[in-house]
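For reference, the structure discussed in these notes is given below.
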Amino acid sequence: TNDEEINLEEESKILFPLFQSLTNLWKDKKISSPEFVAWYILLYLKQRYPKHWLAGPLESPFISINDHINNVNSLFDFPLFQFPDKQKQKILQIAKKHNLTETTLSIIHLFALYRFKTINLNAN
């Protein structure tokens, strides 16, 4: 509908510069390809659902927490994404159960440990 088109246009004005910055971080090899994809998804979800993009913890991680997670950046040090304190504490509670700290927790871990809000089909 016309309203959806307007919302997508407004959304793109906010997301485009973020995605440009994200792409530059990847091109400059400051983030890995898996981090790029994960942050892309998270930036989009946060724009679409500012307060409720994080749905809740998974019952068990879909990968071993130590599998192929080398040389990735700390989740909370990412310059394009700010976590509200309450959300950060919620994430850290689950991370502690897997022996992860604020400095060792990465975006890859977040995807291994949590479920996320679904993006509606009209976002394609």
* Asked: If you take all heavy atoms of Y44 and E11, which pair is closest and at what distance?
  -> OH-OE1, 3.2 Å
* Spacing of L105 atom CG and I94 atom CD1 [to the nearest 0.5 Å] -> 11.0 Å
* Asked: Between atom CG of L100 and atom CG of L92, what is the distance when rounded to the nearest 0.5 Å?
  -> 9.5 Å
* To do: May I have the step-by-step check of side chain to side chain contact (heavy atoms under 4.5 Å, CB included) for I91 and F76, ending in yes or no?
  => CA-CA 11 Å; I91 292 167; F76 301 117; 4.1 Å; yes
* Drop me the distance from L113's CG to H98's NE2, to the nearest 0.5 angstrom. => 4.5 Å
* Counting distance only, does the side-chain N/O of K51 pair as donor-acceptor with the main-chain N or O of K46 below 3.5 Å? -> no
* With distance as the sole test, does S74 use its side chain to make a donor-acceptor pair with the main-chain N or O of E102 at under 3.5 Å? -> yes
* Indicate yes or no: at least one non-hydrogen side-chain atom of T103 is less than 4.5 angstrom from one of D77. => no
* To do: Kindly indicate whether the side chain of F116, heavy atoms from C-beta on, has any atom under 4.5 Å from the side chain of L110.
  => yes
* Counting only heavy atoms not in F19, do more than 12 sit closer than 6.0 Å to its CZ atom? -> yes
* To do: Fit a plane to each ring of F81 and W39, take the angle between them on a 0 to 90° scale, and name the class: parallel (under 30°), tilted (30 to 60°) or perpendicular (over 60°).
  => tilted
* May I have the step-by-step check of side chain to side chain contact (heavy atoms under 4.5 Å, CB included) for W53 and Q47, ending in yes or no? => CA-CA 9 Å; W53 56 267; Q47 175 58 36; over 6 Å; no
* **Heavy-atom pair of closest approach, residues K117 and A55** => N-CB, 4.1 Å
* Could you give me the CA-CA distance, side-chain angles and deciding distance for F78 and N73, then say whether side chain to side chain contact (heavy atoms under 4.5 Å, CB included) is met? => CA-CA 8 Å; F78 192 68; N73 299 293; 5.9 Å; no
* What is the minimum heavy-atom distance between S12 and P17, and which atoms define it? -> O-CD, 4.3 Å
* Residue that, paired with E35, satisfies side-chain contact (heavy atoms from CB on, under 4.5 Å) out of L75, L22, L25, I107 -> I107
* To do: To the nearest 0.5 angstrom, please state how far the OG1 atom of T23 sits from the CH2 atom of W26.
  => 8.0 Å
* To do: Considering non-hydrogen atoms only, spot the tightest contact between T104 and T101 and give its length.
  => OG1-N, 2.7 Å
* Asked: Looking at F83, does the NZ or CZ of K88 lie under 6.0 angstrom from its six-membered ring centre and within 45 degrees of the ring axis?
  -> no
